[in-house]
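Encoded as C-alpha cells, the structure appears first; notes follow it.
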Protein chains: 2
Amino acid sequence: MTPAGPDRRPTLADVAARAGVSTALASIVMREAPGASATTRERVRRAAEEIGYRPDSRARLLRSSRSRLLGVVFGVQHAFHGDLVSGLYAAAERVGYELALSAVTPGRDERRAVAGLLSDRCEALVLLGPHSPTAALADLAARLPVVVVARSVRSAAVDVVRTADAEGMHLAVDHLVALGRRDVVHVDGGRAPGAAERRRGFREAARRHGLEARVVAGGLTEDDGAAAARALLAGPLPTAVTVFNDRCALGVLDELRRAGRAVPGEVAVVGYDDSRIARLATVDLTSVAQDVAQLTTLAVGRAVARLDGTPVERRELVVPPRLVVRSTTASPR
Amino acid sequence: MTPAGPDRRPTLADVAARAGVSTALASIVMREAPGASATTRERVRRAAEEIGYRPDSRARLLRSSRSRLLGVVFGVQHAFHGDLVSGLYAAAERVGYELALSAVTPGRDERRAVAGLLSDRCEALVLLGPHSPTAALADLAARLPVVVVARSVRSAAVDVVRTADAEGMHLAVDHLVALGRRDVVHVDGGRAPGAAERRRGFREAARRHGLEARVVAGGLTEDDGAAAARALLAGPLPTAVTVFNDRCALGVLDELRRAGRAVPGEVAVVGYDDSRIARLATVDLTSVAQDVAQLTTLAVGRAVARLDGTPVERRELVVPPRLVVRSTTASPR
DNA sequence: GCCTCCTTCTAGAACGTTCTAGGCCAGGGA
DNA sequence: TCCCTGGCCTAGAACGTTCTAGAAGGAGGC
C-alpha cells in the first residue's frame, strides 16, 4: 500500500525505498551514471520494474538547467511539414535532444503555438515555413535560438535552413529547354513561403535561355492550379509549365486534361516538393525535390550549435534541390 | 544585473523582487487568483512585463499534482489526423486543458510516441487511429485513461469515440440505389482502422436492398484505388462503386477516366472522409463526412470525465456520419 | 479594552528530480 | 602508526512553481 493513495504515480523515492537505498543512488542507477555497484544497480532496476516506475521528465528538466528540448512549430495542414517533422525527430534523436511539437491550425495561430513551447522550457525553436513577420521572428530570437526552415528571412538574428529554390527552378527550366520546350510559363505561389524565390529563379533561368519569362497567378492549392490552367487555356497554350508546388500542379494537370490537352504531348508540367502525390502512379509528376533529411539535419545541427555556443559562420544554410523526372515532361510529340 | 548570469530566464522570484513583494504574492497575481489588492496586481504585472517573465509550465505542473495535460498520438502522414488535431486543440481549450503532441512517423512507432507522453506527465491519452494491438492498449489503460478515436477496440478498458462507419456505408448505398444504381461494388480498405466496419455496413445495406454485395480488394492510397479500378475494368463494369476512403477513391476515379469511362455517367463513385481532396473543384467527389468537431469534442470530454471521476455510461461513443453529395454520383445517363 | 472578521500579505514546505559535498570503509604506501 | 586514494553510498540543497498556515493591520461589535 503506497502511503498517499493507491493510484499515485510511483516516484524515485518509492523505488529507492523498495530497493533499500537513497534516492540519490536510485537516480544514479536510472540515469546509468557512474557510482553504483553492479549488484545495487540490479536491485534498483528490479524495484523500478516491479512498481512500474517512469521518470518524470518535467521534474528532471526542472532540476537540470538544460532541458535538451527543441520546440517545433508546424502547420497541421501541410503534408510537407509532416515529412519535415519525421526528419526532425530522427535528427534530434541522433544528437540526444527531444522534440516538443506545437501545431498551427485554423484556430490556433503561430503566436499561440510559440507561446506554448516557450513555457515548456524549450531551449531553441525550429519554425517550419512560419508566416510571422520578420520583426516578430527577430524579437523571438532575442530570447532563444530560432531556426527557420523552408523560408528565407532577412534578419541577422535568426538562422535559416532552406532549399535553393531559385536553383530548383533553374533545374526545371533547363530540363524543359533541353527537351525542346521554349515557351515556358510559371504558375506563381503568391505570398507563400518560398514563392518569391522560386519566381526569381524562374525568371533568371528563362532570361539565361533568352526566353520570355511569363508568370501567371496561381496559389498553394489544386483549385488555384485549375484556375491558372483555365487562364492559360484562354490564350495560346505554352509548351511547358512550371508550378509553385505539387498540389497546385495537380490542379493544372487535371484542368489541362479535362480540356483535352495532352500532357506531356502538348504541354509539359513540372511541380515542386516531390510530395507523395507527385509520386503516385496515376499522377507521376516531374517535380523538384527538397532534401528533407538534409534540411532537418542541418536545422537541428544549427540549433544545437547555437546552444553549445559553437561559432557559426553563416546565418543561412542553403540545400541544393534535385529534379525528379517522371512522365509529365518529355520532348514534344 | 541579474545575480546568476545575464541570460538567465527570469523567474517568479525576479518578478517578486522587482515589485517588492513575496514570490507567493507574485504567484497569486500571475495566476489571477484572489488575494491581492488592485494596486499590487498592477505593480506585479508591470514588473513581469518589464523583465519579460514567462511562467515555467514544468515547474508549475511539478507542484500541482494535476497537469491538465492531454497527450495526443497522431500519424504525421494522415491528412485526416491533422483535422482531428485541430479539433482537439479547440476542444481542450474549451475545458481548460493543454495538449501535448507526439507524432508517429516512419521512424518512430506508437510505443515511442506513447512513452514520450507518459514521461511528460499527461493525465490522459488520446490516440488517433492507433495500430497497437488491443492488449497493448488495455495495458496502457491500466495506467491512465485512454481514449481511442476513429477505430473500434474490443476492450472494456479503453474508451472509444468513432464514426458510425457502417451507417455511413448505409447512407452511401441508399443514395446510390435511390439514383437507380443497383450493381454496386465496394473497394475495401483491408486492415486499416475502420475498414472492417465499413465493409460490414456495405454488406448490410446491399443485402437490405436485395443486391449482391460484391467487395474487391483496395487499400488506403491512390495507387491501391487505381489497381482496384483496373480489376473492375477487367470484368463487366458495375454501375456504382463505394470506396474505403477519398484517397483510394481518387485513384479509382482517375483510372476509370483514363479508361474512357464516364463518371458519373457510366459509374458513380462515393468516397469516405470528405477530405480536402474530395472538396476540390477538380475532384468534386461525393463522400461520407465524419463529424470532426463532434468526434474531438467527445474524445476530450470523455478523457476529462474519466479524470474527474464522472460516472460514464458507455465505453463507446458513436457519431453519425453525413453524406455529402457532389458530382461523382447522379442517375445513370 | 477584547474579540472576531476581513483583506492583504509572507514564510516555508511541498512537488520529483539532479547535483554537490561529504562520509565510511577497505587497501596500500610511507 | 598515519595518511592517501578510490569505490560506494547518503544527506541535503537546489530547480521554479503552488499551497498551507498564519501574521499584520484595520474595521467593527460588544
Side-chain angles (χ1 to χ4, degrees), chain A residues 2-5 8-44 47-48 51-69 98 118-123, chain B residues 2-5 7-45 47-48 51-69 98 118-123:
Chain A
T2 42
R8 216 176 94 276
R9 177 189 174 113
T11 148
L12 199 52
D14 299 334
V15 175
R18 176 172 260 259
V21 298
S22 69
T23 57
L25 190 51
S27 168
I28 285 173
V29 173
M30 296 317 291
R31 279 177 289 137
E32 312 204 348
S37 69
T39 57
T40 313
R41 266 179 213 284
E42 177 50 28
R43 197 148 38 92
V44 170
I51 63 177
Y53 169 73
R54 299 205 140 250
D56 183 332
S57 67
R58 310 188 102 93
R60 175 175 282 182
L61 296 184
L62 177 58
R63 167 60 222 198
S64 54
S65 49
R66 298 289 306 267
S67 73
R68 301 196 79 80
L69 200 59
E98 303 256 342
L118 286 180
S119 59
D120 276 353
R121 251 178 160 232
C122 294
E123 295 190 50
Chain B
T2 42
D7 53 359
R8 216 176 93 274
R9 177 190 174 113
T11 150
L12 199 52
D14 300 334
V15 174
R18 176 172 260 260
V21 298
S22 68
T23 56
L25 190 50
S27 169
I28 285 173
V29 173
M30 296 318 290
R31 278 178 290 137
E32 313 204 348
S37 69
T39 57
T40 312
R41 266 180 213 282
E42 177 49 29
R43 197 147 39 91
V44 171
R45 263 199 280 264
I51 63 177
Y53 169 73
R54 299 205 140 252
D56 182 332
S57 66
R58 309 189 105 91
R60 175 175 283 182
L61 296 184
L62 177 58
R63 168 58 220 199
S64 53
S65 49
R66 298 290 306 267
S67 72
R68 300 196 81 78
L69 200 58
E98 302 257 340
L118 286 180
S119 59
D120 276 354
R121 250 174 162 237
C122 294
E123 295 189 51

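A note on names: the letters A, B, ... follow the listed sequences, proteins ahead of strands, and every chain is numbered from 1.
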(message) In whole Å, I'd like the distance from the CZ atom of B:Arg54 to the P atom of D:dC15.
(response) 22 Å
(request) Tell me which nucleotide among C:dT17, C:dT10, D:dC9 gets nearest to the side chain of A:Leu25. (result) D:dC9
(message) Measuring from the side chain of B:Ser22 (C-beta onward, heavy atoms only), which nucleotide among C:dG16, C:dA11, C:dC19 has the closest atom?
(response) C:dA11
(request) Tell me what B:Thr40 touches on the nucleic acid: a base, only sugar-phosphate, or nothing, going by heavy atoms under 4.0 Å. (result) sugar-phosphate
(message) Between A:Ser119 and B:Ser57 (side chain of the first, backbone of the second, donor and acceptor by atom type, cut-off under 3.5 Å), is there such a pair?
(response) no
(request) Could you tell me whether A:Glu123 atom CD has more than 12 heavy atoms of other residues or ligands within 6.0 Å of it? (result) yes
(request) Take the protein atom CZ of B:Arg68 and the nucleotide atom C1' of D:dT17, then report the distance between them rounded to whole Å. (result) 17 Å
(request) May I ask you to verify if any side-chain N or O of B:Arg31 is less than 4.0 angstrom from the OP1 or OP2 atom of D:dC19? (result) yes
(request) Could you tell me the separation between the CG atom of B:Asp56 and the C1' atom of D:dG16, rounded to a whole number of Å? (result) 6 Å
(request) Using modelled atom types only, decide if a donor and an acceptor are shared between the side chain of B:Arg121 and the backbone of B:Leu61 within a distance under 3.5 Å. (result) yes
(message) Quick check for you: among D:dG16, C:dT17, C:dT18, whose closest atom lies nearest to any side-chain atom of A:Arg121?
(response) D:dG16
(request) Would you state whether a donor and an acceptor, one from the side chain of A:Arg63 and one from the base of C:dT18, lie under 3.5 Å apart? (result) yes
(message) Nearest 0.5 angstrom please: B:Met30 CE to B:Ser27 OG, how far?
(response) 9.0 Å
(request) Could you state the atom-to-atom distance from CD1 of B:Ile28 to C1' of C:dG12 in whole Å? (result) 14 Å
(request) Quick one: label B:Ser37 by what it contacts on the DNA or RNA (base, sugar-phosphate, nothing), any heavy atom closer than 4.0 Å. (result) sugar-phosphate
(message) Output the rounded distance in Å from CZ (A:Arg58) to C1' (C:dA14).
(response) 18 Å
(message) Nearest to the side chain of B:Ser27, heavy atoms from C-beta on, is which of D:dT18, C:dT8, D:dA11?
(response) D:dT18
(request) Could you tell me whether a side-chain N or O of B:Arg43 sits under 3.5 Å from a main-chain N or O of B:Ala19, the two making a donor and an acceptor? (result) yes
(request) Quickly work out the B:Leu61 CG to D:dC19 P distance and round it to whole Å. (result) 12 Å
(request) Look at the side chain of B:Leu62 and decide which nucleotide, out of D:dC15, D:dT17, C:dC15, has an atom nearest to it. (result) C:dC15
(request) Using heavy atoms to find the nearest nucleotide of DNA chain D for A:Ala38 and A:Ala24 separately, return the residue whose nucleotide is more 5′. (result) A:Ala38
